[in-house]
Amino acid sequence: MKAVYPMLALDTAWQRGSGAATQFASRIARLKQAAVDLGLEAGAVHLAAEIAALEPDLNDEARFALVVLIVISQAALAEGSTRFPVSGDAAKEPLERKLEALMPAPIEAGARARVAEKIAAILESDGAPAVIGRNRDARRPLLFLKPYLYHERIYHAEQRLAERLAALVDRGAAALNRKAIANALADVAARPAIKDGATAMLSSEQLRAVEIAVSSGLAIISGGPGTGKTSIIAAILRVLARLGVSSASVALAAPTGKAAHRMNESIRNMIAAIERPAAEDLALRKALPASSTIHRLLGYSSTRRAFLHHRGNPLEAEVVIVDEASMLDLTLMERLAGAMRPGARIVIIGDADQIPSVAAGAVLRDLLPAAGKGETLAMAGACITLSENYRVKSDNAGGGAIGLAAARINEGRTDLISAHDSPVERRKVAGEIAFSGVEFLAGAWESLPPFLARFSREQVESDEYAALAGRTYALEGGKFRPDDSTALKEMLQRVSRARILCLTRIGRFGADAVNARMHREALLRAGLSQRAQMIAGEPVIVLRNDYGHMLFNGDQGVLVNLAERSGRRSLAAVFERDTRLEAFRIEMLSDAIDLCYAMTVHKAQGSEFDCVGLILPEHDLPLLSREMIYTAVSRSRHSCVILGDEDLLKKAIARRIDRFSGLTDAISTHRAKPPGR
């Protein structure tokens, strides 16, 4: 066992006692810090070292190069890629950028070229046969299929998903009557909803999206904030009802509980706002399909660690509609596609310009380029990108400014703040912030405390909220009393109105530090000991999937004082699931939850807030990108305040994430196969 320690670069008592700490271990330690800057956990480097240890005969230089290569593959997955170019001309720039990020100057700058040479030698000479397979059937952690490096499990998941999506595209929905679809669309368009006192007419672009959704085996709809995606989902349901598809045959889903709840609430409000409802609309009001997480839809069992629905036991739904699909990762989409029954259809809706899921693959984004290239999905006319922004045209000046800013960020406009017609207002000090539209407060550490104080005072605190937080809520038979349930829903609604967003959890500009600061302020207001870890009224977030309690990464709730029938009193976290509330004593959740005054941009996906504060990091990080800024700004409905350095913001807007996927190619391959092959 001792012989393995140096290969893993473990700081063990044996190493310290024998003076066996090596240059290799020091380089691994530096690599861990660089990996964190790329958005990976430090443990990712140790995992890479463990995998590299499968090759015991490599010298330290070659071993370190192999570890770096494995970490690069992990970073690519975290950015939404399913493969990464590592040889030939296609690899030159992206590989160089990853090496620069993982081996920053000045310490490692001179060694980058040697590591690149070692990586090339390992790949070309089959220098790591226990780790890297060289054909699609090899059972190795990684596969090198020139010029790309894949994770073996991701490669096969991508192939399975491509096969299933190709079948959906080819099948289409030929059985539907085109005339009936046209008549249903016309009737829905003639019965618009009333939103904010104005008639919300469906545009020709939106009607085209609805038509694609109801007439395709697979439909992909992408649009930025304010493009009316919720209106389209409601219209899809209304058209399907007119075509004889009952609401019980339609499943609504989203990757997270928060996104599913928001989807359900928005659609319900939209259906309720129809001015002259037809019989089908009235039926929908009474029996609107409840949205759920994809895990819940597929019947995930925490005890069996398996899904109830799969190819052998498919879903009953005729149509599955997935919202917030930018968070939809490859593995979960493969599970969903595999659980569709013959003849069923799927509609995927989201914003492809957002950052992808933290898991491997970015299905929504990967599928859309195919339409632009005139291949794969374009043959079925199954893709549409929405371009018309209704927030910009609305009376909501704040929402209009956010829509304009998001569009310019997405275009790569580095003059976002300096342009003469900029939608962003500059603020010199925190006291000038109006919490409307998009505002920029220059500065760093000195600007943070006054900004957080204003944000907390005006967006988080209130006497009404303090009264709700001070109550003790009664739980009887697993349910809250009606008056407590009403108060809790108001509490959850209030606590979800505003959020601070950060790029990372760590560092003094990270979410952990901001949460700690705002927690101290909450304790001071409550007159409690600074040693209290959490108190009633504070927002919380689930950090990882907890299948035992069916809580999922990114679910958000609030802490309350709870009284149970047994007489027990405790601090509990309350979450809203569909239309019901569920409470969990915090000791039951162990370390699976954390405070959520602030959260990372990744965690904020699927959420929408009235007010967002985006705090840029102290210095440039590889994960600081256009997609990250766009995602953060587009989380806000009315107000977004950006705090940080203007040059850093420009760098972020200019930088796009390198993304590489084989999904489109794989779909093309499967569609080209003769029937029955």
Side-chain angles (χ1 to χ4, degrees), residues 397-398 401-402 405-406 409 416-418 422-462 465 494-525 537-539 541 594-601 603-604 607-621 624 628-653:
I402 289 166
I409 292 166
L416 174 69
I417 298 174
S418 58
S422 172
V424 182
E425 297 288 342
R426 289 181 182 271
R427 305 301 183 201
K428 295 180 180 178
V429 294
E432 295 179 353
I433 295 172
F435 292 110
S436 178
V438 185
E439 301 168 278
F440 180 77
L441 176 61
W445 186 243
E446 68 279 0
S447 301
L448 186 60
F451 166 68
L452 291 178
R454 276 212 66 195
F455 191 91
S456 179
R457 185 170 62 250
E458 299 183 30
Q459 301 300 322
V460 179
E461 301 172 31
S462 73
Y465 187 75
R494 284 176 177 268
V495 81
S496 65
R497 287 178 180 172
R499 198 70 84 236
I500 298 291
L501 302 183
C502 307
L503 260 74
T504 66
R505 288 185 61 187
I506 63 173
R508 59 180 185 171
F509 281 65
D512 288 350
V514 174
N515 279 324
R517 177 183 288 273
M518 298 186 81
H519 174 62
R520 289 194 297 270
E521 294 298 320
L523 292 176
L524 285 173
R525 291 194 301 271
E538 294 194 293
I541 187 170
D594 202 355
L595 293 173
C596 192
Y597 294 103
M599 61 198 304
T600 63
V601 179
K603 292 282 190 184
S607 298
E608 197 172 76
F609 310 99
D610 287 342
C611 178
V612 161
L614 171 60
I615 301 177
L616 300 180
E618 289 183 88
H619 54 82
D620 193 16
L621 297 174
L624 187 60
M628 190 73 76
I629 303 299
Y630 171 86
T631 301
V633 171
S634 62
R635 296 307 85 209
S636 175
R637 300 184 190 96
H638 306 297
S639 164
C640 178
V641 181
I642 303 173
L643 170 68
D645 180 77
E646 186 173 351
D647 288 338
L648 199 58
L649 180 62
K650 288 180 178 179
K651 284 183 180 179
I653 294 173

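On a predicted model such as this, the values are computed, not experimentally measured, just so you know.
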* Answer whether the closest heavy-atom distance between the side chains of Phe509 and Leu616 falls below 4.5 Å. => no

* Find out whether Ile500 and Asn515 are in side-chain contact, i.e. whether some heavy atom of one side chain is under 4.5 Å from a heavy atom of the other. => no

* Asked: With a 4.5 Å heavy-atom cut-off, do Arg517 and Pro449 have their side chains touching?
  -> yes

* side-chain contact (heavy atoms from CB on, under 4.5 Å), paired with Met599, selected from Arg635, Arg505, Arg499 -> Arg499

* Can you spot which of Ile409, Leu614, Ile417 makes a side-chain contact (heavy atoms from CB on, under 4.5 Å) with Leu649? => Ile417

* Out of Leu501, Val424, Val633, which residue meets the side-chain contact (heavy atoms from CB on, under 4.5 Å) rule with Cys640? -> Val633

* Apply side-chain hydrogen bond (donor to acceptor under 3.5 Å, both in side chains) to Ser422 and list each qualifying residue two or more places apart in sequence or on a separate chain. => none

* Mind checking whether Ser456 and Tyr597 have side chains closer than 4.5 Å, heavy atoms only? -> no

* May I ask you to test the Tyr630-Ser634 pair for a side-chain heavy-atom distance under 4.5 Å? => yes

* Rounded distance [0.5 Å steps], CE in Met518 versus CG in Leu523 -> 12.5 Å

* Measure the OG-NZ distance between Ser418 and Lys650 for me, rounded to the nearest 0.5 Å. => 5.0 Å

* Kindly write out the residues that satisfy side-chain hydrogen bond (donor to acceptor under 3.5 Å, both in side chains) with Arg426, not counting sequence neighbours, or none if the list is empty. => Glu646

